[in-house]
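Report on the following structure.
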Amino acid sequence: MTADQITLTLPDGATRTYAPGTTGMQVAESIAKSLAKASVAIKIDGEICDLSLPINKDARIAIIRRDDDDALELIRHDAAHVLAEAVQTLFPGTQVTIGPTIENGFYYDFARDEPFSPEDFAAIEKKMKEIVAAGKPFTREVWDRQKAIETFKAKGETFKVELIQDLPGTEDIKIYKQGDWFDLCRGPHMKTTADVGTSFKLMKVAGAYWRGDSSRQMLTRIYATAWRNDKELQDYLTQIEEAEKRDHRKIGKEMDLFHLQDEAQGSIFWHPKGYSIWLALEAYMRRRQTDGGYVEVKTPQLMDSRFWEASGHWGKYRDNMFVVPDVVPNTEDGGKVFKEEPKHFMALKPMNCPAHVQIFKQGIRSYRDLPLRLAEFGCCHRNEAHGALHGLMRVRQFTQDDAHIFCREDQILSECIKFCKLTEAVYKDLGFEGTIVKLETRPEKRVGSDDLWDKAEAGLMDALKELGMKYEIAPGDGAFYGPKLAFIVRDAIGREWGCATLQLDFNLPERLDANYIGEDGGKHRPVMLHRAILGSIERFIGILIENYAGKLPTWLAPVQCVVATITSEADTYAKEVFEALQARGLRVELDVRNEKINYKVREHSLAKVPYMFVVGAREAAEKTVAIRTLGSQDQQFKPLDQALADLANAANPPY
RNA sequence: GCUGCUGUAGCUCAGUGGUAGAGCGCGUCAUUGGUAAUGACGAGGUCGGGAGUUCAAUCCUCCCCAGCAGCACCA
């Protein structure tokens, strides 16, 4: 029963009527020739569709032009098809698999004995541009499942066959053709390959597992970026350059903050300047937490394997733990490390929580003791895969600003609120705003009753609601022992970093038999909240370096001020100034080298020192300093006392 | 861990089948200068490690190690 006509509502609210079966293209043509020419797709009730698709019912529609934001996704998807055709043309025998769009571009995974190399890019891009220039129309066909399987089998496309076989029986097998080349694809696509344009660039090759499964075949992936015009492409490439300039590994070397070496891969050698950032940050967090009602503890680095068996880590995570035989080593030259096979083992702690439970368990706890908030700047070791290691961001030895809150069930809400407030305040102090919060809910494999999970998830949600915080729900992403909140910060160039986390845990207190005496005189299980704000201090410093491009706020800057002389006549006075700054607890350097002031200014500017006190004969005579702040072209003259007080003030931590 | 690429002076990088070069940095000397590089001279390297091919290997081959990009992983 088809209606005689359908009503389509345009974005401006106007309505038009058409015969059922009218295509998007025909609609565009009926509105304006120019619109039809510029159009690449149509949005029907919010869903982007092919222009050739007949419309059979009333709908809200919007014609998508190539200039529209919605077109980016289409350009990238179509470009992936163009890439696939180019590759198959140039490298016969290469199988296609999948080629989705991603942020800023797309990739395509190919199966080929010999992987591609960036040297192939020029030829592939050239071929792609030919396909674009040819303006081949994209046409959509729905195939019979069996025909599709046989066709792809005949072509030797075993991966596509697997994809088709895995499609639910209810789904149409859709094929998109561009000239003779075709691919299994759910669409939608633009009108022709010409709509892709030429503002794309192949970026890199990489291996990727078929269907993301490390036990399956490694494919060769080509990453590319694609945009609507060359300006957008250029802006993106510039942005990548900017991110490279901020790389904390590069800046860490330039600013002499830390280094890594083979003998301790994945662990950081902190140099004096890098460690001063650490100390400032740690001191700040300590003040914040102490005022927030936490008490600080320190727990053992090495613990017996029996302990980790009890906590459950031995069975589950042992392959990522550093295990140490509890046997006296053999000291004979050239002999075996151990004379006998070790029978007992210790392990470096991979996390702090089980140790904190031990502290909780000492003596008898009353409900009056709760909540008990145990904090530790806990140094943990995890044997991460080689390929996972990355500067300060992913290491094998790291220090968490960790804490565990032991509380009653009825305290969950208030503790969550307290934590969220603290986290927000800390991020604001550290220069991050617009935090995103994710509520990660129960996974399929989990411990604890549904009742308990209901209560826990509701507790977290209520806390967020009460604070009026925006959040997203990530279903199934919670830990097996409880739901969690993940806080994601956005840095100065728009990248997102997951840092703070709050996890409810009903499992560990049970496993390790922690309890408290309730008001009723009976034993009860406390709820345990695992939480961290910075996460790993190593990683957070990496994020800070990249966020500030090394130009850290004065309170964190490794060197807060350099006193630099213009002539050696001012050396004595410069030393006075330097000592006066030191006496105020500031991190200062004295530069009385036999160099010109231009040279010194340049060097300390590149070292990202926020303040320079420049002194010459005039300043020495007048007891003043010429202040140059990082990034400014001019200087300010102040009496020494004033300058000291002002700098001390500027160097104050935010809390 | 998997795939690919890379490894030369403290740093950034060039280079060659006949035992190595630049700039910066470092040292010495001269220069005492007003806000992003003063000049001259000099000292630095088992060319990631091991094995092989060769009259000869930093260069070619193989193995190992590490780094980088991505994948997988991240309690």
Side-chain angles (χ1 to χ4, degrees), chain A residues 102 107 109 112 114-119 203-223 244 247 249-250 253-254 256 259-266 308 311-321 349-354 380 382-391 393-396 398 478-482 484 498 501 503 505 507-508 530 535-536 539 564-571 592-607 612-619 626-637:
Chain A
I102 49 173
Y107 65 77
D109 285 347
R112 181 175 180 238
E114 195 187 332
F116 297 103
S117 108
E119 278 145 42
M203 301 296 283
K204 53 195 166 199
V205 289
Y209 299 110
W210 169 234
R211 299 195 144 179
D213 182 343
S214 60
S215 66
R216 305 192 67 172
Q217 188 177 339
M218 176 69 73
L219 307 170
T220 170
R221 174 175 296 179
I222 296 179
Y223 280 96
E244 276 167 14
D247 191 313
R249 293 165 300 186
K250 184 173 175 284
K253 206 176 271 176
E254 286 166 1
D256 191 21
H259 85 270
L260 284 132
Q261 65 185 52
D262 290 2
E263 290 80 359
Q265 21 173 314
W308 299 109
S311 71
H313 292 90
W314 194 251
K316 245 197 183 83
Y317 301 111
R318 199 185 345 164
D319 57 339
N320 278 315
M321 287 168 68
K349 68 173 167 186
M351 45 190 346
N352 307 300
C353 32
C380 297
R382 293 180 191 175
N383 196 354
E384 305 284 1
H386 282 89
L389 300 176
H390 181 90
M393 300 304 189
R394 190 82 179 269
V395 289
R396 288 191 174 145
F398 60 97
F480 72 90
Y481 51 74
K484 54 184 181 178
T501 155
Q503 307 175 10
D505 186 353
N507 178 244
L508 204 58
H530 305 244
S536 143
R539 178 163 172 274
T565 51
I566 293 170
T567 84
S568 55
E569 284 172 59
D571 284 3
V592 292
R593 289 177 304 170
N594 178 11
E595 295 291 350
K596 290 190 174 174
I597 192 61
N598 282 309
Y599 182 88
K600 295 183 183 180
V601 165
R602 177 181 151 83
E603 195 173 274
H604 302 304
S605 297
L606 289 174
M612 236 179 287
F613 283 6
V614 177
V615 296
R618 203 161 68 216
E619 286 77 11
I627 303 166
R628 185 184 167 113
T629 55
L630 183 57
S632 76
Q633 298 299 316
D634 48 3
Q635 57 278 179
Q636 238 187 320
F637 297 87

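Since we're looking at a predicted model, the values are computed, not measured. Residue numbers begin at 1 in each chain, while the letters A, B, ... track the order of the sequences.
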Which atom pairs link the protein and nucleotides 11-13 of chain B when you take only N or O atoms and keep those under 3.5 Å?
from	atom 1	to	atom 2	distance (Å)
B/U12	OP1	A/K253	NZ	3.2

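Between A/M321 and A/W314, the closest side-chain pair of non-hydrogen atoms falls below 4.5 Å. At a threshold of 4.5 Å between non-hydrogen side-chain atoms, the residues A/E619 and A/F637 count as touching.
In this structure, B/G10 is classed as anti because its glycosidic torsion departs from zero by more than 90°.
B/C74 and B/G4 have their P atoms separated by 24 Å, with the value rounded to a whole Å. For B/C60 and B/G17, the C1' atoms lie 8 Å apart once the distance is rounded to whole Å. Using C1' as the reference atom, B/C47 and B/G18 are 16 Å apart when rounded to the nearest Å. Remark: the separation of the P atoms in B/C59 and B/G15 is 16 Å, to the nearest Å. On the P atoms, B/U54 is 44 Å away from B/C71, given to the nearest whole Å. Look at the C1' atom in both B/A30 and B/U35: the space between them is 24 Å, to the nearest Å. Only the P atoms considered, B/G48 is 14 Å distant from B/A20, to the nearest whole Å. Comparing the P positions of B/C5 and B/A9 gives a spacing of 23 Å, expressed to the nearest Å.
In this structure, the NZ atom of A/K204 is 17 Å from the P atom of B/U6, given to the nearest Å. Between the NE2 atom of A/H390 and the C1' atom of B/G70 there is a distance of 12 Å, rounded to whole Å. One interatomic measurement links the two molecules: CG of A/N598 to P of B/G39, which rounds to 12 Å at whole-angstrom precision. Here the C1' atom of nucleotide B/C2 and the CZ atom of A/R211 are 19 Å apart, to the nearest Å. As a whole-Å value, the separation of A/D571 CG from B/G33 P is 13 Å. Rounded to whole Å, the distance from CZ on A/R539 to P on B/C74 is 15 Å. Counting to the nearest Å, the P atom of B/G48 and the CG atom of A/D262 are 13 Å from each other. A/W210 has its CH2 atom 18 Å from the C1' atom of B/G70, to the nearest Å.
If you check B/U35, B/A75, B/C71 against the side chain of A/V601, the one that comes closest is B/U35. The A/Q503 side chain lies nearest to B/A75 when the options are B/A75, B/G70, B/G34. Listed candidates were B/C73, B/U35, B/A75. Nearest to the side chain of A/V614 is B/U35. Across B/G33, B/A72, B/A75, the shortest atom-to-atom separation from the side chain of A/N320 is found for B/A75. Relative to the side chain of A/R394, the nucleotides B/U35, B/C73, B/C26 differ in distance, and B/C73 lies closest. Side-chain atoms of A/P115 lie closest to B/G4 of the nucleotides B/G33, B/A75, B/G4.
The base of B/C74 has none of its N or O atoms less than 3.5 Å from a complementary donor or acceptor on the side chain of A/R396. Below the 3.5 angstrom threshold, one finds a donor paired with an acceptor across the side chain of A/E619 and the base of B/G34. Side chain A/T220 to base B/U3: no donor-acceptor pair is found below 3.5 Å.
When the side-chain nitrogen and oxygen atoms of A/Q265 are compared with OP1 and OP2 of B/A66, one or more of them lie within a distance under 4.0 Å. For B/A69, the OP1/OP2 oxygens have a side-chain nitrogen or oxygen of A/R249 closer than 4.0 Å. Look at A/Y599 and you'll find a side-chain N or O under 4.0 angstrom from OP1 or OP2 of B/G25.
Annotation for A/F116 and A/V205: closest pair O-CG2, 3.7 Å, computed over non-hydrogen atoms. Residues A/I597 and A/T565 approach most closely at CD1-O, 4.0 Å, considering heavy atoms. Minimum heavy-atom separation, A/E595 to A/K600: O-CE, 3.6 Å.
Counting any heavy atom pair closer than 4.0 Å across all strands shown, A/S214 reaches sugar-phosphate atoms only and no base atom. Contact annotation for A/A479: no contact, since no heavy-atom pair falls under 4.0 Å across all strands. No engagement by A/F116 is indicated, since no non-hydrogen atom pair under 4.0 Å with the nucleic acid exists. Nucleic acid contact class of A/R628 (heavy atoms, under 4.0 Å, all strands): base. The residue A/A617 sits close to a base: some heavy atom pair falls under 4.0 Å. A/Q633 comes within 4.0 angstrom of sugar-phosphate atoms only, judged by non-hydrogen atoms across all strands, and of no base. Looking at heavy-atom distances under 4.0 Å, A/Y223 makes contact with sugar-phosphate atoms alone, never a base. A/L606 comes within contact range of at least one nucleobase, with a heavy-atom separation under 4.0 Å. A/G212 comes within 4.0 angstrom of sugar-phosphate atoms only, judged by non-hydrogen atoms across all strands, and of no base. A/P350 comes within 4.0 angstrom of a base, heavy atoms only.
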Given pairs defined as Watson-Crick or G-U wobble with both distances under 3.5 Å, what dot-bracket annotation applies to RNA chain B, with ( ) intrastrand, [ ] crossing, | other strand and . unpaired? (((((((..((((....[..)))).(((((.......))))).....(((((..]....))))))))))))....

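Within a 6.0 Å radius of CD in A/Q261, other residues, nucleotides and ligands contribute more than 12 heavy atoms. Open room surrounds CD on A/E569; 12 or fewer heavy atoms of other groups in view lie less than 6.0 Å from it. Around atom CD of A/E119, no more than 12 heavy atoms belonging to other residues, nucleotides or ligands sit under 6.0 Å away.
In this structure, the side-chain hydrogen bond (donor to acceptor under 3.5 Å, both in side chains) partners of A/N352, at least two apart in sequence or on a different chain, are A/K349, A/Q400, A/D402.
In this structure, A/K316 satisfies the cation-pi test against A/F480, with its NZ or CZ atom closer than 6.0 Å to the six-membered ring centre and inside 45 degrees of the ring normal. Annotation: cation-pi pair A/R216/A/Y209 absent, no NZ/CZ under 6.0 Å from the ring centroid and within 45° of its normal.
With salt bridges taken as basic N to acidic carboxylate O contacts below 4.0 Å, none links A/D213 and A/R211. Using a 4.0 Å cut-off between a side-chain N of Lys or Arg and a carboxylate O of Asp or Glu, A/E254 and A/R249 do not qualify as a salt bridge.
Ring centroid separation for the pair A/Y481 and A/H530 comes in under the 6.0 Å cut-off.
If you find the closest nucleotide of RNA chain B to A/A385 and to A/S632, the one lying nearer the 5' end belongs to A/A385. Of the two residues contacting RNA chain B, namely A/Y317 and A/G266, the nearest-nucleotide position lying further toward the 5' end is that of A/G266.
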